[in-house]
Every structure is written in C-alpha cells, then in structure tokens.
Amino acid sequence: MSLLNQMTSAQAVLGTQTPCYMFETSDAASKHVAQLIANTIRERNSLGHVAVLGLVAGSTPIGVYRELVRMHREESLDMSRVMTFSINEYYGLEREQAQSQTRIMQDVLFKHVNIPTNNIHVFDTSVPQVEADDYCRRYDDAIRAAGSFDLIILGIGPNGSVGFNEPYTSIKSRTRLTTLDPITRQAAASDFFSENNVPMQGLTVGMATLLNAKKILVMAFGDHKAKIIKRVVEDNPSEAVPASRLCDHADINYLIDKPAAAALTSIITPWVIMSVTWNDEMIKRAVLWLCERSQKALLKLTDEDFREHGLHQLLRLHGPAPKLCHRVFLWLSETVNYHPGDNHDQRDKNDLYNHINQQTDILCFSPHPDDDVISMGGTMIRLVEDGHRLHVAYMTSGNIAVHDHDALRISNLMTQVNKQYEIDVEKSDGLKNHIQQALESKKPGLGDVSEVLELKRMIRQSEAEAAARVCGCLQENLHFLNLPFYQTGTIDKKPPSQNDYDIVRRCIEEVRPRQIYVAGDMTDPHGTHRVCAVIILRVLQQMRQEGLELPEVLLYRGAWQEWPLDQIEIAVPLSPGDLERKKSAIFRHETQKDRALFPGSDSREFWQRAEDRNRHTAAAYNQIGLPEYYALEAFVRWNGTFDF
C-alpha cells in the first residue's frame, strides 16, 4: 500500500480566525499545495497567460517542490509560462553557498523543470548597501509589472515572521533590506553550522506586496510550530506576529500537519468548541486537562469541578466523578512498567515489578550517535540489567555536529601517538597538515572535506561506543549503519533511497528483535529524526505486507520534549542511581557537551534537558495522584501508521 493511500483528507480546523486545514502528515499537505500550484499553472496556461508565483526556500516547502518536479516529469506539467519571484534571501551570501535560498531553489526545483531562466527572479545579494533601496524598488516594480502574484507560498518563523518580515514590520512595507530578528537567526543556526555564521541582514518582499497576491498559502509543519500557529490563527492579529497580519486577506489558507496543530483549541480541548465522541482517548485527555486546570489530583476531582469547566456532557454520560477519575487513575497506573522489555501479554497486571526473566533480543534505533542515551538511557540500563540482549543501531554518523576545534584536537593527538610509537610518522604528519589546512581555510557556514568528515565520523562513533558501555551494551551489539541519505556533509540531506531501506531491513533481519525502539520526534518534518523514523516504519510496513510477524514498536522522544501525559503508554521508573548513570553515558559524548553545535533554541546541555524532562514527567504523575517516582522515561506504541 502506498503512503498516499493511507492519507486521509484535510480536516478544517474549527475556532480559528482564518481558514486553517490540518493534514495527517506533512507529505499529504505538500502534495495538496503542489496540486493547487499545478492547478493555477494549468488555468493560466489555458488562458495563454503567465502564472506568477512567489516562492520561499527552506525545509517546509521542499516536499512541494519535489512533488512539482514529479508532476512535471510524470504528468507533463508544463511550466514554460511560469514566472517566479523569490520572497527572501540572506544579504551578502554568495549564490553558490549551500544556505543560499537561490541555490536551494535551483537544486530542488528550477534545474528540474522547464521554467525559462529569464522568468526566474532571485535577489542579488551582492548589491552595495547604498544601492539597496533603489534595487529593492525595482524588484517590487517587477512584481507589479508582472501583474502581482497569482499565488504565493510562505512558511512561518518561530517568531511569526513571514519571509524576512520580522515582528513589528509595517503592514505597508514593500521589498527592502531588513535586519534579521535574533530568533530568526537562532532558528537558522543549524543551517550555517553556528549562529555566528548567520547573516545579520536579509532581502525580503514586504507585507504590502504579499497582501497584493491573489492567493496566499501558508505552511507550517512539526510540533515546534504548534505555539506560533495557535497565536497566528486563534488570537487577534498583532504587529508582534507578522503572519497574523495576513489573516484579513480575501483568499488565504493555513495548511498544517497534525504536530503543528497540537496546541489548537479544537485539537487539545475540542469539547470547548464542539460536541465530541467520548471514547477512552478523549476521556483520558479531558480528565487530565481538568486536573491541570483545577490543580487537583485525579481522585480529588468532584462533579462540581467537571461542571465548572464545561464538562457537563462527559459527567452525564460517564460519571459520576469518582467513577470517571478512578477509571483514568487505573489507566495511568498501568502505564508504569519497571521491566519494559518483557512480554506484556505474559505479565501479571497485579505484579508489575517482578521480572519475567525471559531473555530476548531488543533493538534501539538511534538517529544520531547520542539519541539513544539522551532519550532512553535509563531504559537501556534496565533492559541490560534484566538480561536482554540490547542492540543499538546508529543510523547516521552525526559527523556534521562535531566542532572543528575538536577535530583538530583529535587529529593532533593521533599524530602525537603515531610519533611516540614511530607509526608511519610521515603519513601521519601529512594527514594532520591536510586536516588542519582544510579546517583553517574553510569559510564560515561551509561543509568539510571528506577526510575531515571521516575523522568526525570516527569521533562520534567512539563516543557512542563509550556511552553504550556505560549502559552495559556489548560492543558486538552496536551497529553503525551510516545511512547514505545523510552523507552529504551539509545540513541539507538527500531523500532516502532504496539503499537506505535495504540497510535498515538487513539490520532488523539480522537482529530479529522482539521489541524495537524508534525516535518519534517529528519536530522538523524534513529533519534526520523524521527521515529515520519513516525509513524504519516503511520497512516494517513492507514486512507486514509480506506476512511477517512484526515486533512490538515503541516510540521515544529526545532532547527537545516528552510525550504528553495523555499519550504515554509505557513509563519506566528511574532511581536516582539510574539517572546518574544515564547522565554519565551522555557525558561520554564529549564533543556535544558544554555547547553543542546544533543546540536549537534550548541553551541547556543535553544531560540537563534529559534530566529535567525525566524529572518533570515523574512530577506530572505525582501531581495527578500517582506514586512519587524520582524520574520517568516515557514511550508510545506505534499504531502502524504515519500519523504522528
């Protein structure tokens, strides 16, 4: 079955200020947007007119462009009458640099379709600053001369920016040179290998020019966009959130995936604005929400609490309160599992502590070399202590996350060791000098030469081996897959190929695990975690279609967040000693300590994030009246689809 056949149609989101549609996956949303663009192109073609498109680069629309390329190749989508204008670009960046919006658009779209070169308008980032105002006026004039945009697609920055229209941009602004907001630069830091390498300024089409478009499509994918989406589509328009100023446009649609919709009222508390079906999932969510709102434990909630917070229907259908709350209390109690590797069908529900003592093979897939110990290091320790054969498959090398100074330090150390023991000193010195020259001559934001990438790969692998030893994993049970899709040396990765799927399948077939752990972080819809998860789950779906029995699949989350309380299906208690040992394992990833190369918006070190997250989950259990655990690691069972 193809992924397309598994998708459901978009759901209109209720309670929003502007039309907003939620799709099961970002892939489904991207295909829908591509179809809308294709419809516009074909309609304009039929009239003999040019279709004028405003396009942005970045991870959000990349699926749209790949689908347009497919439609051009397989469905004869004629783009010879298309005219495009880039919406934004980093000022001062060379066009051939990997982070250039022009370079990205060229790589993912322009060179694969038949848009005439003269019809492709991109920003000239080399224009002298004193001439920038005049240049931007001419760019804006060219858009108007073309008849303004027939359709534009936009993403949303974490601060609500669109293009490079930052907070408090005037609604009357036109194309201009602008200073980038610190949050925008921080969000782009991973693309440039450091926030320090992100340009301070950008060229952007202004708000007034955007609002002149006939149709606006705004896309947002991933749970890291949930908070800003809520502000944009549910709150009143604000100068502080430029994307919200687009809401008055006559033909605008916000297109989001399920993770990006996670904070919307109709998703998180649908009973507030509409009638709902009170199934077990909805009951659990509502009662836990009531605990949070009333600041009461589960078994202390009363009928009056339900009525005060608008849950009359739930109380009438499934009450009274003591019955409802005891039901949810039992559900949450049963999630606590001291021995997660055991066969849950054989476990005595009245004796969750005792171990079944049945040794099995268990496989943890780690997208990067440290995701295993950061996300589920305590569970890894428990699995090994319970006698299970724990295998860890590191899917990518993680080499682009190694600081240059760490690579240089290790290179110098290797040279000293070789000199000490007179091991091919001449060759060693030559390699060290080559690495040193490559690192010192590298321009900010650019990738590494192959020798440096290989050294950084070995550094990450050695750290992963050291961390796994802390958890008790045997060396022979560590698998370094080095999936090809990751091996670009840059942030931008290739789409997964059949080779990637084959490598993962061979690993599963060799280990033959009874249980598999997969990273369920969907924060970046085109990031490494999501790509790795899709590869694994598609392989498992293929195996199921072949009639093979699948292992139990548990999804964990990483350094950025934890599963919501109402979604947790297994919670593994950690003692103070377990948590200290987990932190010791994380410490073995020395190149990721102090200041990781790609820390995201959270300035804490990974061990701090992991500890705080595990302690917070335990506190949440305690607050609703369950036993007071020191720390908890949480998991969700994979339901067999891609709807996360």
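- Between Asp133 and Arg137 there is no salt bridge, since none of the side-chain N atoms of the basic residue sits less than 4.0 Å from a carboxylate O of the acidic one.
- Of the residues listed (Leu154, Leu210, Val162), the one engaging Val205 in a side chain to side chain contact (heavy atoms under 4.5 Å, CB included) is Leu210, and it is the only one.
- When atom types are taken as modelled, the side chain of Ser100 and the backbone of Thr102 share a donor-acceptor pair closer than 3.5 angstrom.
- The salt bridge (Lys or Arg N to Asp or Glu O under 4.0 Å) test applied to Lys111 returns Asp107, not counting sequence neighbours.
- Side-chain atoms of Glu234 and Thr265 include a donor-acceptor pair closer than 3.5 Å.
- In summary, the side chains of Asp27 and Thr25 do not present any donor paired with an acceptor at a separation below 3.5 Å, with no hydrogens or angles considered.
- By the 4.5 Å heavy-atom criterion applied to side chains, Arg42 and Leu77 are counted as neighbours.
- The ring-ring contact (aromatic ring centres under 6.0 Å, His included) search around Phe164 returns Tyr90, not counting sequence neighbours.
- Judged purely by distance below 3.5 Å, without hydrogens or angles, the side chains of Asn159 and Ser161 pair a donor atom with an acceptor atom.
- Using the six-membered ring where Trp is involved, His529 and His368 have ring planes that are tilted, between 30° and 60° apart.
- With salt bridges taken as basic N to acidic carboxylate O contacts below 4.0 Å, one links Arg144 and Asp141.
- A side-chain donor from one of Thr209 and Arg174 sits under 3.5 Å from a side-chain acceptor of the other.
- When side chains are defined from C-beta on, Met219 does not count as touching Ser26, because their heavy atoms never get closer than 4.5 Å.
- Ring pair Tyr139/Phe123 is parallel by interplanar angle, where below 30° counts as parallel and above 60° as perpendicular.
- Not one N or O on the side chain of Arg307 forms a donor-acceptor pair closer than 3.5 Å with the backbone of His312.
- The pair Lys215-Asp251 meets the salt-bridge criterion, with a side-chain N (NZ, NE, NH1 or NH2) lying under 4.0 Å from an Asp/Glu carboxylate O.
- Sorted by first and then second residue, the pairs that involve residues 43-63 and meet salt bridge (Lys or Arg N to Asp or Glu O under 4.0 Å), not counting sequence neighbours, are Arg44-Asp150.
- Contact check for Leu180 versus Glu166: side-chain heavy atoms found under the 4.5 Å cut-off.
- In terms of heavy-atom proximity, Phe192 sits nearest to Gln99 at CZ-CB, 3.4 Å.
- Just one of Leu255, Val64, Asp257 meets the side chain to side chain contact (heavy atoms under 4.5 Å, CB included) condition when paired with Ser30; it is Val64.
- A salt bridge links Asp223 with Arg557: at least one charged nitrogen is closer than 4.0 Å to a carboxylate oxygen.
- The two residues Leu53 and Phe149 have their closest heavy-atom pair at C-CD2, 3.7 Å.
- For the residue pair Arg176/Asn165, the side-chain donor-acceptor check at 3.5 Å is satisfied.
- Looking at Tyr486, its side chain never comes within 3.5 Å of a backbone N or O of Pro367 through a donor-acceptor pair.
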